[in-house]
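Worksheet: one structure, shown below.
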Amino acid sequence: MFVSLNRKIIYTILSLFLVTSLIFGYTFYLIYGNKIQNEQLYSIQRNQQYIDLLFKNINVIREFRNILHNNPNIKIDETLYKNLYLSDTEEDRIAQLNNEQKQIAQMRQSYDQRYKAIQESLRIFIISTLLLITSILLLGLLITKWILNPINNISKTSSEVSLGNLSVRIKNTRQSHFVDELDYLIQTFNSMLDTLQQTISEVQDKEAFLQSLIDSIPDGIRVIDKKHNIIIANKAYYKQVGSNNRNCIKCYESSQNIKTPCPSEVFHCPVKEILQNRKKNIKLVQQFSAFPQKHLSINAAPMNYQGKNQYVVEAIRDLSDDINFSHQQKLSSLGFLSTSIAHEIKNHLGALRMLLERQIDRFYINRDDNDEEKQNIMLIYNELINSIAVPERLLKLTQSSSDAKKINVKENLNDVICLLDYEAKRNGISIEYKFPNKDIFIQGNSSDFKMVAINIILNAIKAMDNKGILTISIKQNAKKQTIISFSDTGVGISPENMPRIFDPFFSEGKDNIKKGAGLGLSITKSLVEKYNGSISVSSTIGSGSCFTLSFPSIKNVAKK
């Protein structure tokens with residue numbers, strides 16, 4: 001039970017004073033009062049005995065005188081005679097008796113006065129006690145105002161500070177012209193809080209700067225201690241684990257969603273290797289539970305703090321970034337190649353076109369259209385125009401834009417088919433397409449979509465022997481989703497390799513000619529998912545494979 005300090009002080013002083021007063025008053029009354037009473041009783045008894053003796057003496061003398069008066073023959077000696085007749089008379093003895101009685105009355109009156117003095121002393125003692133209690137209460141009020149209230153304010157403020165509220169301050173309500181120690185204590189306490197708040201604010205600013213600094217790093221960063229606690233991590237890391245919850249303090253709980261440290265037979269633990277086995281640097285590839293299809297490259301190194309290796313710093317890179325970089329390199333190389341081809345071929349073909357047009361104007365303009373020579377020369381002219389359009393399509397392919405916009409699926413697929421038609425025919429592959437009459441649009445980027453189609457068609461050409469057939473179809477389902485399928489008659493994909501075909505650097509080719517870098521389908525998948533699409537594959541060994549792309553309707557994309 002809580003009892004305030006002012007109550008403790010006041011109750012203690014009152015209790016001690018009351019106990020002391022009671023003991024003092026009771027002792028005073030017992031000792032002094034009883035002593036006076038006993039003395040008075042003793043004096044009264046003694047005087048009463050003296051009076052009784054005097055009274056008896058007077059009576060004896062009276063009787064003896066009467067006897068002598070009635071018997072004159074009785075002779076007494078002179079000494080006795082003097083005592084009987086020459087000493088104090090009876091009246092004197094009576095007067096003496098009365099005087100003794102008066103003394104007794106005075107003694108009684110003195111006793112009553114002394115007893116009344118004791119009672120008056122007790123009354124004065126009680127009044128003094130009341131005055132002292134009033135003084136104690138007044139003193140308690142002053143102590144409460146000058147000491148206890150400031151201490152209570154300091155205590156309440158300390159409680160608020162312990163809960164993390166550093167903006168609270170002690171209010172000094174006393175209007176005193178004289179400053180005491182508690183005023184200095186309150187000022188010092190408030191100054192300490194100001195300094196503490198400023199220091200914590202600076203620390204928080206530095207922490208925010210550090211967090212912003214590591215958040216600006218595109219790779220995932222996390223720092224782990226010996227107990228597998230995540231000390232700090234950046235946004236890229238939490239994006240890699242698929243969560244914005246920063247309360248997962250254990251590395252294995254955050255990345256692998258397990259409650260105990262990663263088993264050594266399944267995972268290669270950098271914390272154990274670096275902090276326990278004293279290795280300097282570790283490089284490994286792992287998958288996190290949130291995105292098991294993504295491969296992450298982890299570079300781990302010890303962090304030296306206070307002369308000891310107490311932490312492990314991990315830099316985590318999504319290999320899809322390398323895929324995108326490879327995609328950008330491909331586009332850059334393709335753009336440079338296309339620009340060179342455009343300048344080289346278009347210049348020469350343009351010169352041939354101008355010469356051919358001049359010859360047509362001079363020699364064939366007036367000839368009949370059925371003239372065989374004119375028909376041949378016009379056929380050459382048309383093929384020349386078609387040849388000039390090839391590098392133009394190639395240049396159009398390399399035009400890259402990061403902004404998603406409405407693109408025509410049929411037109412873009414026709415451009416890709418025109419570019420790869422020669423490659424297909426050279427390998428004995430025929431391309432069949434089933435396009436609807438109306439135009440179908442999706443939200444995306446033209447160059448990215450063409451790169452997706454090129455990767456899938458090239459893989460289909462590699463998978464088919466001579467006289468294979470590639471069928472491309474476009475349709476929309478009931479949900480207005482655009483479905484694009486690429487079906488080939490190739491060798492198919494083995495069931496054990498089916499889960500890995502979209503992994504980076506995986507290739508199923510058997511020789512160096514057909515075996516590529518293993519990035520085509522990874523790039524394709526990342527580009528499709530970039531525009532909220534999905535890609536699926538079905539395959540039968542010896543019969544062929546079918547890659548299906550699904551893109552949401554433009555209205556649904558707009559809603560997102």
Check whether any side-chain heavy atom of F435 lies under 4.5 Å from a side-chain heavy atom of I440, and answer yes or no. no
So how far is it from D318 CG to Q240 CD, rounded to the nearest 0.5 Å? 6.0 Å
Could you measure the distance from the CG atom of D219 to the CG atom of N299? Nearest 0.5 Å is fine. 8.5 Å
Hey, are the side chains of F441 and T482 touching, using non-hydrogen atoms and a 4.5 Å cut-off? no
Is there a side-chain contact between C269 and Y252 (heavy atoms, below 4.5 Å)? no
E357 side chain to L352 main-chain N or O, any donor-acceptor pair under 3.5 Å? no
With the side chain counted from C-beta on, respond yes when Q211 and I232 share a heavy-atom pair under 4.5 Å apart, and no when they do not. yes
Below 4.5 Å, heavy atoms only, C-beta onward: do S255 and Y237 meet side chain to side chain? yes
Has the side chain of S158 got a donor or acceptor atom that lies under 3.5 Å from a matching backbone atom of I154? yes
Which distance, rounded to the nearest 0.5 Å, do you find between the OG of S534 and the NZ of K525? 9.5 Å
Under 4.5 Å between any side-chain heavy atoms of I407 and Y531, yes or no? no
S254 side-chain N/O to C251 backbone N/O, donor-acceptor pair under 3.5 Å: no
dist R426:CZ -> L420:CG (nearest 0.5 Å) comes out at 11.5 Å
Please report the interatomic distance CG(N427) to CE(M464), rounded to the nearest 0.5 Å. 9.0 Å
Would you kindly say whether S485 and S473 are connected by a side-chain donor-acceptor distance under 3.5 Å? yes
Measure the shortest side-chain to side-chain distance between N455 and L521 over non-hydrogen atoms and say whether it is less than 4.5 angstrom. no
Hey, are K405 and N445 close enough side-chain-wise for a donor-acceptor pair under 3.5 Å? no
Any sub-3.5 Å donor-acceptor pair from K480's side-chain atoms to S553's backbone N or O? no
Counting only N and O atoms by type, is there a donor-acceptor contact under 3.5 Å from the side chain of K250 to the main-chain atoms of K227? yes
Distance from Y433 atom OH to K410 atom NZ, nearest 0.5 Å? 10.0 Å
Is there side-chain contact between Q198 and E202, with heavy atoms separated by less than 4.5 Å? yes
